[in-house]
K.L.:
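Mind having a look at this structure? Questions to follow.
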Amino acid sequence: MNEIKPKLELQPLPDQLRNEKDLVIISGPCSAETEEQVLQTARELKQVSEVTVFRAGVWKPRTRPNNFEGIGVEGLKWLQRVKKETGLATAIEVANAGHVYEALKFGVDVLWVGARTTANPFSVQEIADALKGADVPVFVKNPVNPDVELWIGALERLNNAGITKLGAILRGFTSQQKNGYRNAPKWPIAFELKRLVPEIPLICDPSHIAGKTKYLGQLSQKALDLNMEGLMIETHPDPTSALSDAKQQIKPAQLAELFANLKPRNIKGIPVTPEDPLQQLRNENNAVDYEILEALSRRMEIIEQIGEYKKSKNLTIFQPNRWRHVVEDRVEKGESLGLEDDFVKDIYQIIHNYSVKKQTEIISEDS
Ligand code: PEP
Ligand code: MN
């Protein structure tokens with residue numbers, strides 16, 4: 001396969017960031033608003049045993065101007081108090097070199113790069129340069145656009161600057177198709193990140209995916225089911241009065257309830273012996289996959305012949321009626337075999353794209 005595998009030199013995240021179930025649980029308000037609000041949230045979160053890191057945004061990237069843009073350096077003093085009083089590690093978002101200097105000066109324990117910043121390599125490089133020589137864990141949220149390369153690129157820039165305690169956060173993507181969420185989760189992009197950078201700890205931020213509180217539980221469960229190593233969830237003592245992201249924040253007590261309803265999963269896995277049912281099933285799956293690939297190869301051979309024929313008759317490659325028929329027929333056949341319509345449709349879209357590509361090559365060859 002001709003893809004460039006990223007080579008990151010990583011060290012494990014500090015144990016202090018993980019709870020008894022080995023999960024990194026970051027919680028706290030979207031924004032630090034007042035000293036009282038920050039300390040009250042932290043004190044209440046201290047009672048939620050799962051939480052290991054206290055978050056608060058002190059510089060806020062707002063979509064539109066004239067909104068609350070964060071309390072600034074003042075908030076860093078409040079975070080120092082949180083750390084002193086509760087022993088929780090503290091985390092903030094950094095978006096430029098100035099933020100990094102201030103965060104390091106005030107001893108913030110964990111930094112994260114926000115989704116809008118990850119999308120901009122100039123900003124990420126500036127942050128990386130400012131971090132040179134520092135030994136601080138940094139989490140990188142996915143970029144707002146669904147581009148895994150940009151996400152990996154940000155991790156690489158930080159790693160090149162000597163940051164080895166890195167993590168990634170899936171917080172969803174700007175998309176037309178959001179299914180009721182604020183940001184489309186696009187789980188396959190997270191799978192791709194883990195395929196390319198298997199050693200990166202990946203956590204999920206259901207707050208920014210959901211944009212509202214009602215989906216937090218189900219998204220958190222899904223993240224754990226998908227082997228993610230932690231969660232970032234926004235909490236506020238009085239969410240309705242929050243100066244940013246009011247709709248998606250929950251009270252610390254509601255967070256405790258959310259955890260009580262979560263089914264923990266074994267994220268470390270188990271050794272799978274050849275006799276294990278899981279291994280047997282995987283073997284069966286491997287054999288079926290080979291059958292699928294052999295069938296696809298035969299299909300592409302037929303496509304080539306069709307391409308030659310269309311060329312000889314000067315026909316167009318794309319024939320709308322035929323394509324409509326193929327989709328309807330295959331979806332119906334799929335249904336009779338117990339396959340979801342969208343699954344079959346998606347597969348045929350990919351197959352059709354490659355068939356068109358092949359025929360385009362044939363038709364444009366000089367004869
Ligand atoms: C946040 O965590 O409050 C935030 C601004 O997140 P994101 O970068 O995911 O939008
Ligand atoms: Mn927020």
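Any value given below was found using the heavy atoms of this structure, including those in side chains, with hydrogens, waters and symmetry copies removed. Numbering of ligands and ligand atoms starts at 1, following listing order.
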K.L.:
Angle between ring planes, Trp323 versus His352, binned at 30° and 60°: parallel, tilted or perpendicular?
P.N.:
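The arrangement is parallel - the two ring planes meet at less than 30°.
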K.L.:
At what distance is the nearest protein heavy atom to atom 8 (O) of ligand 1, and which residue and atom is it?
P.N.:
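Looking at atom 8 (O) of ligand 1, the protein heavy atom closest to it is Ala115 N, 2.8 Å.
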K.L.:
If you take all heavy atoms of Ser207 and Gln248, which pair is closest and at what distance?
P.N.:
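Of all heavy-atom pairs spanning Ser207 and Gln248, the closest is O-OE1, 3.2 Å.
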K.L.:
Does Lys311 come within less than 4.0 Å of Glu308, counting only side-chain N to carboxylate O?
P.N.:
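Between Glu308 and Lys311 there is no salt bridge, as every charged N stays at least 4.0 Å from the carboxylate O atoms.
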K.L.:
Heavy atom of Cys30 under 4.0 Å from ligand 1?
P.N.:
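Cys30 counts as a contact of ligand 1 under the 4.0 Å cut-off.
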K.L.:
Of all N, O or S atoms in Glu234, identify the one at the shortest distance from the Mn ion (ligand 2).
P.N.:
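Closest N, O or S atom of Glu234 to the Mn ion (ligand 2): OE2.
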K.L.:
Give the residue, atom name and distance (to 0.1 Å) of the protein heavy atom nearest atom 6 (O) of ligand 1.
P.N.:
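Checked against all protein heavy atoms, atom 6 (O) of ligand 1 sits closest to Lys141 NZ, 2.9 Å.
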K.L.:
So Trp151 and Phe173, would you call those rings parallel, tilted or perpendicular, with 30° and 60° as cut-offs?
P.N.:
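Trp151 and Phe173: perpendicular rings.
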K.L.:
Of the listed options (Lys60, Glu93, Arg116), which comes nearest to atom 3 (O) of ligand 1 when hydrogens are ignored and any heavy atom counts?
P.N.:
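Answer by nearest heavy atom: Lys60.
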K.L.:
Please identify which atoms of ligand 1 are closer than 4.0 Å to at least one heavy atom of Gly114.
P.N.:
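Selected atoms, number and element: 8 (O).
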K.L.:
For Arg330, is there an ion pair with Asp341 - N to carboxylate O distance below 4.0 angstrom?
P.N.:
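No, Asp341 and Arg330 are not salt-bridged.
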K.L.:
Could you work out, for atom 7 (P) of ligand 1, the closest of Arg171, Met232, Gln248 by heavy-atom distance?
P.N.:
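Among Arg171, Met232, Gln248, the closest heavy atom to atom 7 (P) of ligand 1 belongs to Arg171.
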K.L.:
How many degrees, to 10°, between His208 NE2 and Asp245 OD2 as seen from the Mn ion (ligand 2)?
P.N.:
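Value returned, to the nearest 10°, is 90°.
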K.L.:
Could you find the nearest protein heavy atom to atom 2 (O) of ligand 1 and give me its residue, atom name and distance?
P.N.:
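For atom 2 (O) of ligand 1, the nearest protein heavy atom is Arg55 NH1, 2.7 Å.
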K.L.:
Starting from atom 4 (C) of ligand 1, what is the nearest protein heavy atom, named by residue and atom, and what distance separates them?
P.N.:
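Closest protein heavy atom to atom 4 (C) of ligand 1: His208 NE2, 3.4 Å.
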K.L.:
Could you tell me whether Glu234 and Arg55 make a salt bridge, using a distance below 4.0 angstrom between a side-chain N and a carboxylate O?
P.N.:
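Answer for the salt bridge query: yes.
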K.L.:
Is it true that Arg298 and Glu301 have a side-chain N and a carboxylate O under 4.0 angstrom from each other?
P.N.:
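No salt bridge links Arg298 with Glu301.
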